[in-house]
Amino acid sequence: METLNAAESLAALGHETRLAIFRALVQVGPEGLNAGAIGEKLGLAPATLSFHLSHLSRVGLIRGRQESRFIFYSADYSAMDDLIAFLTANCCQGDACLPKTASCESTDKRRSAKPACEGESCE
């Protein structure tokens, strides 16, 4: 991941509402949520939600898919994994120094349909 891409992703997640949307999508898994359910869950007006979903999509952190008349959004786990890898590259000169992420150490675990890092160990 390039530094500019990482900065754009981090800037997008630096807004409280976009961070809440992204976390909600990460928690529900690859199936995602439709826009109405996201708005209802987070108490967001449709126009506000649309603005933030558009921003997260533009930087590549989420993806939308049309199903009938609904758009379902899901976290892009590959983009999330790239951002995590960028942030932790060469951390502590290769020593295991991140105990909260130890149970989420593999890409496969983070990308599985039912993440192994649910619960307190990865929050």
Side-chain angles (χ1 to χ4, degrees):
M1 173 174 272
E2 299 290 324
T3 301
L4 181 58
N5 298 94
E8 289 173 344
S9 294
L10 291 169
L13 294 174
H15 189 280
E16 181 180 3
T17 301
R18 288 190 291 270
L19 182 59
I21 292 168
F22 186 73
R23 287 190 53 143
L25 292 175
V26 166
Q27 291 169 1
V28 299
E31 67 276 357
L33 290 172
N34 69 53
I38 297 167
E40 188 176 303
K41 180 176 181 150
L42 300 175
L44 298 171
T48 301
L49 177 63
S50 178
F51 172 79
H52 291 300
L53 289 171
S54 175
H55 192 113
L56 289 167
S57 292
R58 191 170 42 255
V59 300
L61 289 170
I62 66 171
R63 299 203 182 276
R65 74 179 184 285
Q66 184 92 32
E67 286 188 18
S68 182
R69 61 187 183 113
F70 299 101
I71 299 176
F72 282 79
Y73 291 91
S74 59
D76 184 328
Y77 290 96
S78 177
M80 181 181 73
D81 191 48
D82 288 345
L83 183 59
I84 292 169
F86 176 84
L87 292 172
T88 58
N90 301 316
C91 180
C92 300
Q93 299 175 358
D95 291 340
C97 61
L98 302 170
K100 287 188 177 185
T101 59
S103 64
C104 301
E105 64 195 25
S106 78
T107 301
D108 293 336
K109 287 181 184 179
R110 286 195 294 274
R111 291 184 184 170
S112 68
K114 193 161 186 139
C117 51
E118 291 179 330
E120 292 181 32
S121 65
C122 295
E123 289 182 22

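In this text the structure is predicted, and so the values were computed from the model without any measurement.
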### Task
Test side-chain contact (heavy atoms from CB on, under 4.5 Å) on Leu42 and Leu49 and set out the steps.
CA-CA 9 Å; Leu42 300 175; Leu49 177 63; 5.7 Å; no

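Residues Asn5 and Val59 have side chains not in contact (no heavy-atom distance under 4.5 Å, counting atoms from C-beta outward). Between Ser57 and Ile62, some side-chain heavy-atom pair lies under the 4.5 Å cut-off.
Minimum interatomic distance between Arg18 and Leu56 (heavy atoms only, all atoms of both residues): O-CD1, 3.7 Å. The heavy-atom pair separating Ser74 from Arg65 by the smallest distance is OG-NH1, 4.5 Å. Scanning all heavy atoms of the two residues, the minimum distance from Ala75 to Val26 falls at CB-CG2, 3.8 Å. Nearest approach of Ile21 to Leu53, heavy atoms of both residues: CG2-CD2, 3.8 Å.
The main-chain N or O of Phe22 is never found under 3.5 Å from a side-chain atom of Tyr73 such that the two would form a donor-acceptor pair. Listed for the Glu8 side chain is no donor-acceptor partner under 3.5 Å among the backbone atoms of Leu10.
Residue-environment remark: CD (Glu67) exceeds the threshold of 12 foreign heavy atoms within 6.0 Å. Counting heavy-atom neighbours within 6.0 Å of Glu2 CD, excluding the residue itself, gives a total of 12 or less.
Distance check: Leu61 CG to Leu25 CG gives 10.5 Å after rounding to the nearest 0.5 Å. Note that CG of Leu33 and CD1 of Ile71 are 13.5 Å apart. Values are rounded to the nearest 0.5 Å. For the atom pair CD1 (Ile84) and CE (Met80), the distance works out to 4.5 Å, reported to the nearest 0.5 Å.
Grouping Ile, Leu, Val, Met, Phe, Trp and Tyr by side-chain contacts under 4.5 Å, direct or through others, puts Phe72 with Phe70. Cluster partners of Phe51: none. The rule joins Ile, Leu, Val, Met, Phe, Trp and Tyr whenever side-chain heavy atoms lie under 4.5 Å apart, and it links nothing here.
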